[in-house]
Each structure stands twice: as structure tokens, then as C-alpha cells.
A.B. asks: 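Structure in C-alpha cells, see below.
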Number of protein chains: 2
Amino acid sequence: MGLTIYDIAKEAGVSASTVSRVINSRPGIKKSTREKVEKILKESNFSVSEAARGLVNQTSRMIGILVSDIRNQHHIEGAYMIEQHFMKLGYCSLILNAGDTDESKADYIRILSSRRVNAVILIGSAFQNSAVEEAIKDYIPNTPVIFQNGVFSLPNVSSVLSDDVAGTYEAAAYLYNNGHRHIAYVNGNDTPSNRKKVQGYEKAAEEFGFEPLIKVSEDSAEGSAAVTETLVNEYPEIDAIIYAVDLLGVGASRKLLDLGKRIPQDIAIIGTDNSPFSMLSNPRLSTIDTKLQDLSSACSEILEKAIENPTYREHLVITPSLVLRETT
Amino acid sequence: MGLTIYDIAKEAGVSASTVSRVINSRPGIKKSTREKVEKILKESNFSVSEAARGLVNQTSRMIGILVSDIRNQHHIEGAYMIEQHFMKLGYCSLILNAGDTDESKADYIRILSSRRVNAVILIGSAFQNSAVEEAIKDYIPNTPVIFQNGVFSLPNVSSVLSDDVAGTYEAAAYLYNNGHRHIAYVNGNDTPSNRKKVQGYEKAAEEFGFEPLIKVSEDSAEGSAAVTETLVNEYPEIDAIIYAVDLLGVGASRKLLDLGKRIPQDIAIIGTDNSPFSMLSNPRLSTIDTKLQDLSSACSEILEKAIENPTYREHLVITPSLVLRETT
DNA sequence: GAATTTTTTGCAATCGATTTCAAAATTTTT
DNA sequence: AAAAATTTTGAAATCGATTGCAAAAAATTC
């Protein structure tokens with residue numbers, strides 16, 4: 001345990017420099033010594049200390065992935081793609097699940113700074129706040145950062161986000177154009193992203209001239225079921241509801257069927273995100289596809305360029321599209 | 001950028017040792033110097049290099065979490081609990097998504113060894129193979145390891161697993177005792193865990209005297225739908241099916257309804273794992289609850305003890321229980 | 001105010017690698 | 001076989017922290 005290159009060197013009767021050169025397959029080592037050292041390396045199950053190596057090389061070969069909620073299928077999907085992509089390039093991923101408050105999220109930036117990660121990815125619009133922005137400016141001003149689903153006006157931060165306003169607007173427009181006149185909106189947690197979705201809904205309401213009606217649900221199927229029940233009891237004229245998240249839509253559709261409503265004849269439903277389970281639900285949920293897959297792969301690519309060329313920046317906006325299934 | 005304690009020391013007119021003592025709140029520093037140093041530390045946004053620190057202290061303050069498929073809701077739930085638990089204790093989590101082959105999984109053990117993680121968690125029975133076992137023995141023989149859903153007979157490996165044989169057995173027994181006589185089983189990927197589930201099914205078949213009928217599906221709702229369709233067409237007498245994974249059960253129930261079968265009157269269905277969406281599906285899926293939540297929290301606790309006391313080991317088996325919902 | 005005790009501080013070694021530069025070993029050329 | 005050119009190798013400095021030990025400074029005692 002805890003073998004160092006000096007131990008290997010002694011064993012092989014060479015110097016530590018030579019061992020290091022063998023490990024890193026540097027040129028200029030006699031074939032016979034190289035083989036001798038390699039043999040001992042294998043036999044003794046030696047593994048280099050990345051900490052020591054990182055210290056000299058001034059790099060950690062780690063990527064910091066900050067996720068606002070790792071249990072969220074979309075977030076983890078994004079983290080997965082990045083982890084896979086960079087593992088191939090020899091990087092490890094520090095995946096951290098950010099805390100609740102803005103300040104605690106900023107703390108995580110400091111942690112990543114201490115770990116000297118080569119790049120940082122923020123996944124989730126919840127990072128859109130000044131504490132995090134300050135922390136980036138102060139602690140990792142030269143580390144390439146990419147913000148999935150948010151924007152910072154900092155020189156080292158790229159961004160990739162879906163146009164939430166447009167997505168919801170389009171959904172509302174579709175419903176209106178298909179004869180719905182009482183279109184309600186059920187929001188989830190108060191996040192920057194969800195606020196933009198509401199904007200899109202309000203914009204459609206104003207443009208098409210229907211009365212906006214917005215309720216807020218906690219982020220669970222049960223919460224949504226409850227909110228939806230109240231909603232349709234209070235406003236029986238409602239003939240369509242848009243949900244800020246697919247999970248809410250699924251919880252609601254279930255409840256509406258229980259209440260004897262027919263979907264989509266009595267009430268049409270549209271969720272958001274095209275989550276894996278939206279297709280599994282019964283009836284299959286129509287949804288606003290925010291193209292998270294595309295977002296994530298764009299992230300990987302941008303980040304790779306940014307690591308190679310520290311001045312590379314990019315700001316990408318992806319327009320969502322409607323996926324019509326059985327609830328519309 | 002890249003400030004060191006020497007920079008801070010110079011700025012404060014003290015030695016690096018003093019700065020280090022302030023950073024680590026060591027005793028024996030005059031209040032006035034401490035305050036002076038702290039002020040400069042703040043102002044200059046200094047952050048210690050964990051790599052350098054780890055080198056002297058012989059610790060990385062990192063936990064390695066190896067997951068066989070991070071996109072699997074159960075796996076990520078387990079990783080999440082551990083990440084949260086250890087972040088509070090000042091550890092960062094290296095979450096790695098293991099490769100496909102046994103050998104590539106073993107490679108990840110070597111990577112974690114290089115990173116000198118303080119503990120390793122394996123999540124998923126896919127790690128149950130000799131390549132991984134060898135790698136642990138060779139590369140991290142003194143690092144506490146905990147295997148969620150598998151067992152190794154190594155002195156440094158604890159384990160926490162659900163009794164897969166018992167779970168499936170119980171499900172089959174329940175069905176049999178409720179009048180079903182043609183109980184089929186649909187398996188998923190070939191993993192040690194799934195093999196044990198099959199054993200439980202076969203055991204029940206033998207004990208209760210019904211004819212075992214096993215099909216294999218790929219791990220997707222569509223795959224399961226296809227397999228299920230063939231199955232019921234070929235064997236119309238089937239009146240119950242157990243699925244190795246909830247996802248398969250959900251995909252199947254959907255297809256069965258499309259085929260005009262009534263659930264559970266014509267065919268009863270039981271999934272496995274009590275996944276979040278099993279409750280959301282329509283009809284709500286009955287399932288074998290493998291108590292993954294309990295498993296994960298047990299992991300955190302055991303691991304914490306093992307880090308404090310490197311000889312601590314524990315082997316925990318949790319018995320699954322049936323959750324009966326609308327498909328039985 | 002000198003001597004003693006106690007508090008603070010800094011020097012230098014250390015952790016485990018990498019890398020430059022010069023020395024040693026080998027090969028090639030005369 | 002000596003000189004020159006080339007290939008291999010190793011000694012020592014470095015990365016950025018921590019820490020034991022001794023020295024310096026301050027506080028206490030006489």
C-alpha cells in the first residue's frame with residue numbers, strides 16, 4: 001500500500017526519474033529498462049498519486065458538475081453525458097448536488113475551486129443568482145464554466161439553454177388554434193426557468209386574448225393532482241391545462257380521469273420536458289420537448305473546446321418543439 | 001489566480017506556516033495576526049489547494065461512487081444519499097458511471113485508487129465479477145468498500161443487499177395463493193441480481209408445482225411490450241406475469257390493455273423495485289419493494305463507521321416486501 | 001531590570017510525483 | 001583505439017500545502 005515511484009525505482013535499480021518516464025511513456029528510455037520497470041510496476045500493483053501528479057502539472061484532470069437536483073432525471077442525464085464524454089478524455093467527474101440556498105450553492109463553487117477542477121458545469125436554472133455569479137467571478141474567474149439552462153455575463157461562462165418562453169408560448173398557441181379558449185397554467189417550483197415559462201404563457205394569453213389563469217403546485221404528482229382538482233372544480237369551463245413539468249401533467253391526468261373527465265375531449269393536457277416517463281404514462285402525455293438531450297451534448301462539445309482553448313465561449317439557445325401524443 | 005499561502009504570507013508579512021495555521025484554525029496564533037491574515041485571505045479570494053493538502057495529509061477527502069448505470073433511478077438515488085451524507089462531513093464525491101465490460105469496471109477501481117479516495121461504494125450487482133474483485137484486492141486492499149447489491153469475500157468489503165430470491169419467491173407465492181396457476185416471468189438484462197430473482201421464481205414454481213415459463217426482454221418499456229405480446233399470444237393460458245424491473249411491468253401493462261386484456265382480472269402483473277413511476281403508472285403497478293431507500297441509508301452509515309474505524313465491516317441483507325396496487 | 005516562563009512565530013523537511021540540465025553510457029565515425 | 005555524436009540516466013529543484021522543532025517575542029516572576 002502507498003507505494004511511491006521511489007519504491008519502484010529502488011526495486012528496479014533505477015532512479016525515480018526513469019520510473020516517471022516509463023509511467024508517462026516518455027521517449028529516450030532504453031527498451032530493456034523500460035520493460036524491467038514496467039514489469040515491476042505491474043507486479044507491485046502500483047498506481048500513481050494523481051494528487052502529486054496534479055500538483056506538479058497544475059491540473060486536477062477533474063470536471064466539476066454542479067447539479068441543482070441530481071435525482072431529477074434531466075439533470076442526471078446531462079451529468080451522465082458529460083461524465084462519459086470526459087472520462088474518455090481521462091477526466092474524472094466531481095458530481096455535487098447543490099444545496100438549497102443561493103449562498104450554499106456559491107459554497108460549492110468554492111469547493112470546486114479548492115479542488116482545482118479543469119472546468120465546471122452548472123446544471124439547472126437554480127444557479128441563476130448573484131451569489132453564484134460572485135463566487136465564479138471571485139474564485140474561478142479563469143476556469144471554463146458552462147451553464148446549462150441559465151446565463152451569466154462573465155467572460156468565462158458559456159451557456160446552453162432552451163427557450164422556455166417560446167416553448168410554453170407555442171404550446172398555448174397550439175391549444176388556442178385548436179379551439180381551446182380556457183387554457184390554464186400550473187407552475188412548479190419558483191425557478192428562473194419556470195418564471196420564463198409563465199412569461200410565455202402570459203404572452204400567448206395576451207396575444208390571443210384569453211384570460212390567463214395560473215396556479216402553483218409543489219413538484220410531485222400528488223401535489224399536482226390536488227391543485228388540478230381544485231382548479232377544475234373552481235373553473236369548470238377550463239378545457240386545457242399546461243404544466244411546467246411532465247410529472248405534474250402525469251399526476252393531473254390521472255386525477256382528471258378519476259374525476260370522470262375525458263382526455264383530451266374534455267380537457268387537453270400538455271406537460272414540459274419530454275421526460276422518459278411522459279411516453280410511458282397512460283394516456284401518453286403530450287409535452288413541450290425542451291431538447292435536453294441536445295442541450296447536454298452541446299454542453300460536452302462546448303466544454304471540450306473551452307478546455308483546449310481557454311478563451312472559447314459560446315451561447316446557444318435551443319428552441320423547444322411540441323410533441324403531440326394522446327392528451328391533446 | 002493560483003495564489004499560494006506564500007503569496008498570502010508575503011502580503012501579511014508573516015511566514016507560510018502562520019498562514020497555514022490560520023487557515024486550519026490551529027491554536028497558538030496571536031489574535032491580531034490571525035485577524036490580519038484572515039482579512040487578506042478573504043480579500044484575495046484565496047482557496048487552498050486540496051491536492052497539495054491531500055499530499056501531506058495522505059488523504060483526498062473524496063469518496064468514490066461507482067455506479068453501473070447512473071441513469072437508473074435507483075442507482076442515482078443511492079449515489080445521492082451518499083453524496084449528501086459525506087458532503088456534510090467535508091468529502092467530495094467522485095461519481096463514475098462504470099463501463100460495459102467486467103474489465104472496464106475493474107479499470108475504474110484503478111482510477112479510484114490513483115485518486116486515493118477514502119472509501120468506495122459500488123452500486124449495482126453488475127460489479128459482481130472476478131475482474132472487479134481482483135482489482136479491489138490488488139489496488140485498494142485497505143480502502144473501505146461497500147457493495148450495494150452484491151458481495152465479495154474480501155476483508156475490506158462490506159455489503160448491503162436485498163434478498164432477491166426471497167422477493168420474487170414471495171411475489172410468485174402471493175399470486176399462486178390467490179388462484180393464479182399460470183405464472184410467467186419476464187427477466188431483464190443478465191445481471192447477478194436478476195439471476196437471483198429467477199431463482200426465486202423457479203423455487204416457487206417447484207414448490208407450488210406450476211410450470212415455470214421465463215422470457216427475457218431488453219430493458220425498455222417497448223422491449224417488454226413486444227415480449228409480453230408474444231408471450232400471451234403463444235401461451236393464452238397465462239394469468240399472471242412477474243417482471244424483473246418495474247419499467248418492464250409498466251411497458252407490459254400498457255400493451256396488455258391495448259390487446260384487450262383486463263388487468264388484473266385476466267392477467268395480474270407484478271414489477272420489481274417499487275420505482276417512483278410504478279406508482280404513477282396507470283393502472284398503478286403492484287411491485288416487489290426491494291427497499292432501496294433503506295439500502296442506501298444503511299450504506300451511508302456503514303461507510304461512515306468504516307472510515308472512522310478501518311476494520312469495521314458489516315453484511316446486511318434486507319428482505320423485500322410486496323406492495324399491492326392495482327395490477328393484482 | 002534581570003531572569004524565567006509562556007506565547008508566537010519561522011525554518012526546513014516532507015508528501016509523491018515531474019522535469020531540466022548535466023553526467024554517464026553507448027554508439028558511430030574517424 | 002581515440003574522438004565525436006548520440007542515447008540513456010540521475011541529481012536536484014519544483015508544485016503548494018503541513019508540521020516538528022528551535023528561536024524570537026512577550027508576559028511573568030523575582
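Just so we're on the same page: letters track the sequence lines, and every chain starts at 1.
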A.B. asks: Report the distance from atom NZ of A:K36 to atom C1' of D:dT9, rounded to the nearest whole Å.
C.D. replies: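 In whole Å, D:dT9 C1' and A:K36 NZ are 11 Å from each other.
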A.B. asks: In whole Å, what is the span from the NZ atom of A:K10 to the P atom of D:dA11?
C.D. replies: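 That distance rounds to 13 Å.
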A.B. asks: Nearest whole Å is fine: how far is C:dA17 P from A:I23 CD1?
C.D. replies: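 Atom-to-atom, A:I23 to C:dA17, this comes out as 7 Å.
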A.B. asks: Under 4.0 Å between a side-chain nitrogen and a carboxylate oxygen: does that hold for B:E103 and B:R110?
C.D. replies: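 Salt bridge between B:E103 and B:R110, a charged N being under 4.0 Å from a carboxylate O: yes.
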A.B. asks: Under 4.5 Å between any side-chain heavy atoms of A:S296 and A:Q148, yes or no?
C.D. replies: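 A:S296 reaches A:Q148 side chain to side chain.
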A.B. asks: Looking at residues at least two apart in the chain, or sitting in another chain, which of them share a side chain to side chain contact (heavy atoms under 4.5 Å, CB included) with A:S17?
C.D. replies: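 Checked A:S17 against side chain to side chain contact (heavy atoms under 4.5 Å, CB included); matches are A:S15, A:R21.
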A.B. asks: On the nucleotide C:dC15, are OP1 or OP2 found under 4.0 Å from the side-chain N or O atoms that B:N57 carries?
C.D. replies: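 No, outside the criterion.
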A.B. asks: Given atom CD1 of B:I8 and atom P of D:dA17, what is their separation to the nearest angstrom?
C.D. replies: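 Atom CD1 in B:I8 sits about 9 Å away from atom P in D:dA17.
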A.B. asks: Sequence neighbours left out, what passes side chain to side chain contact (heavy atoms under 4.5 Å, CB included) with B:K137? Give chain and number order.
C.D. replies: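 Applying side chain to side chain contact (heavy atoms under 4.5 Å, CB included) to B:K137 gives B:E134, B:L154.
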A.B. asks: Residues in salt bridge (Lys or Arg N to Asp or Glu O under 4.0 Å) with B:D102, at least two apart?
C.D. replies: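 Partners of B:D102 by the salt bridge (Lys or Arg N to Asp or Glu O under 4.0 Å) criterion come out as none, since no residue qualifies.
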A.B. asks: In whole angstroms, how far is the C1' atom of D:dT19 from the CZ atom of B:R26?
C.D. replies: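 It is 9 Å, rounded to the nearest whole Å.
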A.B. asks: For residues 92-100 of chain A, which side-chain N or O atoms pair as donor and acceptor with protein atoms under 3.5 Å away, sequence neighbours left out?
C.D. replies:
| residue | atom | partner | partner atom | Å |
| --- | --- | --- | --- | --- |
| A:N97 | OD1 | A:I70 | N | 2.6 |

A.B. asks: Residues in salt bridge (Lys or Arg N to Asp or Glu O under 4.0 Å) with A:E43, at least two apart?
C.D. replies: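 Here the qualifying residues are A:K39.
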A.B. asks: OP1 or OP2 of D:dT18 sitting under 4.0 Å from any side-chain N/O of B:Q58?
C.D. replies: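 No, because none of the side-chain N or O atoms of B:Q58 sits under 4.0 Å from OP1 or OP2 of D:dT18.
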A.B. asks: Heavy atoms under 4.0 Å is the rule here; annotate nucleotides 5-12 of chain C 5' to 3' with B where the base is hit, S where only the sugar-phosphate is, and - elsewhere.
C.D. replies: ---SBBBB
A.B. asks: According to the salt bridge (Lys or Arg N to Asp or Glu O under 4.0 Å) rule, which pairs have a member within residues 299-309 of chain B, sequence neighbours left out?
C.D. replies: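 Every pair satisfying salt bridge (Lys or Arg N to Asp or Glu O under 4.0 Å) with a residue in residues 299-309 of chain B: there are none.
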A.B. asks: So which of residues 39-54 of chain B are in contact with DNA chain D, with a heavy-atom cut-off of under 4.0 Å?
C.D. replies: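 Here the set is B:F46, B:V48, B:S49, B:A52, B:R53.
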A.B. asks: Categorize B:T4 for me: base, sugar-phosphate, or nothing, with a 4.0 angstrom heavy-atom threshold over every strand shown.
C.D. replies: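 Touches sugar-phosphate only.
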A.B. asks: How many Å lie between CD1 on B:I5 and C1' on D:dT19, as a whole number?
C.D. replies: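 So the two atoms are 11 Å apart, to the nearest Å.
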A.B. asks: Only Watson-Crick and G-U wobble pairs with both distances less than 3.5 Å should count. Give DNA chain C in dot-bracket notation, marking inter-strand partners with |.
C.D. replies: ||||||||||||||||||||||||||||||
A.B. asks: Do any pairs count as a salt bridge (Lys or Arg N to Asp or Glu O under 4.0 Å) and have a residue in residues 7-20 of chain A, sequence neighbours left out, and if so which ones?
C.D. replies: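 Residue pairs passing salt bridge (Lys or Arg N to Asp or Glu O under 4.0 Å), neighbours aside: none found.
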A.B. asks: Which residues pass the salt bridge (Lys or Arg N to Asp or Glu O under 4.0 Å) test with A:R53, sequence neighbours left out?
C.D. replies: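 Per chain and number, A:R53 pairs via salt bridge (Lys or Arg N to Asp or Glu O under 4.0 Å) with A:E50.
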A.B. asks: Mind checking salt bridge (Lys or Arg N to Asp or Glu O under 4.0 Å) for A:R71 and listing every partner two or more places apart, or none if nothing turns up?
C.D. replies: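 Applying salt bridge (Lys or Arg N to Asp or Glu O under 4.0 Å) to A:R71 gives A:D69.
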A.B. asks: Round to a whole Å and report the spacing from CG of A:L55 to P of D:dT14.
C.D. replies: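 Result: 14 Å.
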A.B. asks: Measure CZ/A:R116 against C1'/D:dG16 and give the value in whole Å, please.
C.D. replies: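 Computing the A:R116:CZ to D:dG16:C1' distance gives 9 Å.
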